[in-house]
2 protein chains.
Amino acid sequence: MARTALTRDEVLETAAALVRQHGPAALTMRKLAAELGTAVTSIYWHVGNRESLLDALVERTVADLGAIRPRGATPAERIASVARALRRDLRAHPHLVAMVHERGLTERMFLPAQRVLVHEVHAAGLRGARAAGVVRAIQFHVVGHVLVERNRERSPAQSPAEEDLWAVETADRDPALARALARPVDTERLFATTVRALVTGLLETAD
Amino acid sequence: MARTALTRDEVLETAAALVRQHGPAALTMRKLAAELGTAVTSIYWHVGNRESLLDALVERTVADLGAIRPRGATPAERIASVARALRRDLRAHPHLVAMVHERGLTERMFLPAQRVLVHEVHAAGLRGARAAGVVRAIQFHVVGHVLVERNRERSPAQSPAEEDLWAVETADRDPALARALARPVDTERLFATTVRALVTGLLETAD
DNA sequence: ACCTGAACACCGTTCAAGT
DNA sequence: ACCTGAACACCGTTCAAGT
């Protein structure tokens, strides 16, 4: 009834808040309308439909991702630092990765980082297709890792009794390994070492 | 009406067929019932609800994944071959990865491969936490890569005009790189080189 | 130009009633 | 033990009608 005029921006803002708090699945047109205090159908006038609404949300968040400054002395270290910064940015928007992923906007999301990466890969002495390969490898690795990682956090109880199996089979031969595999994964650390290994391998391997 | 008795197995089989053809989203209880020629509610008696149905489907497919035999002369090559085999198996069930992922069953899915990997990492001379780290790194990398890759196939038109941007900015400095980044990704090749680089890096980097 | 309610075609799930 | 239809509480979306 007594409402100020609804704007597209207000719709996006409220929708973003809902996604932030409860994830994309919880964003229904009806709940959004209730939150806004309008009729469901009003939303359609401003954003078209649910799909374009989500598109706009993703667009917005991607545009807000800050620039990335590489740190470190060697090219390898600088490349790895870009990967780590990228992961940090993505994790700051917990629902973004999955949404970008579903919408096929991975490339777009990567553009700023890509530019930086190209610069560093050049500094490492690579050119042309080799350089492109390294950039792509980092891209895939970061997104892939964040996807896997995010998912583990959502479903904390990983498959029942992994420990049990390992306890029996490996404990006597390599108990330290059995114990390590039974522990929850320290993804922060895993990412750091994996990226370092990957970058090292990529820079030295002939293509 | 004139139907043979409905069995849990028949429900799973038909559901699996629907998922295979149209993906998990297309598996609705009502469509499934229509396909089976029963009332929607009959399905509930056999499988509980949609969620447990999907769980059972995943369970089933994971159990069917074949054993993995490493190939190659060096440990590094054998580890990489396991990663490639794993990727191949996952790609043979296009909807499996996402479903496993959503259900938090990644560990379970990885158990058979994990055993093989541990063996090979041992052969490479690593023990304890170091060895575990390498196994985990491979796990994350393979699942992550397949997730990213699968998704690109689903939404083929990646963000508009990536080429344009690169064409302008980099073309003069490194035209070969600009061209390479504009081309669609050869994921098969990317995976092979990335895994090789990662394994190389992991085996030689001190932890 | 913007907003509305009614209506349509879908969902998953529960439940009392049948055999 | 197994199957059923009716009913409930949800969805996204369209559309004619309002101002």
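On a predicted model such as this, the values are computed, not experimentally measured, just so you know. Naming convention: chains lettered A, B, ... in sequence-line order (proteins, then strands); numbering from 1 in each chain.
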- Regarding the side chain of B:Ala5, the nearest nucleotide among D:dT4, D:dC3, C:dT4 is D:dC3

- Query: For DNA chain C, which residues in residues 40-60 of chain A have a heavy atom at a distance below 4.0 Å?
  - Reply: A:Thr41, A:Ser42, A:Trp45, A:His46

- Task: Provide the closest heavy-atom pair for A:Glu120 versus A:Pro75 in the form atom of the first, atom of the second, distance.
- Result: O-CB, 4.2 Å

- Thinking salt bridges, do A:Arg84 and A:Glu77 make one under a 4.0 Å N-O criterion? yes

- Is there a residue in residues 23-33 of chain B whose heavy atoms reach under 4.0 Å of DNA chain C, and which residues are they? B:Leu27, B:Thr28, B:Met29, B:Arg30, B:Lys31

- Item | Donor-acceptor contact present, side-chain B:Arg30 to main-chain B:Val40, <3.5 Å | no

- If one requires at least 3 consecutive Watson-Crick or G-U pairs with distances under 3.5 Å, the stems of DNA chain C turn out to be C:4-8 with D:12-16, C:12-16 with D:4-8

- Under the 3.5 angstrom rule, does the side chain of B:Arg150 hit a backbone N or O of B:Pro94 as a donor-acceptor pair? yes

- Between the side chain of B:His46 and the main-chain N/O of B:Leu6, is any donor-acceptor distance below 3.5 Å? yes

- Using the side-chain hydrogen bond (donor to acceptor under 3.5 Å, both in side chains) rule, pick out the option among A:Arg60, A:Arg103, A:Arg50 that qualifies with A:Asp55. A:Arg103

- Task: Report yes or no: do B:Thr187 and B:Glu149 form a side-chain donor-acceptor pair below 3.5 Å?
- Result: yes

- D:dC3 P sits how many Å from B:Leu36 CG, rounded? 10 Å

- Message: Looking at B:His101 and A:Leu147, would you say the former's side chain and the latter's main chain have a donor-acceptor pair under 3.5 Å?
- Response: yes

- Message: Is it the case that the side chain of A:Asn49 and the backbone of A:Ser52 share a donor-acceptor pair, with hydrogens and angles ignored and the cut-off at 3.5 Å?
- Response: yes

- Are the side chain of A:Arg136 and the backbone of B:Leu181 linked by a donor-acceptor contact shorter than 3.5 Å? yes

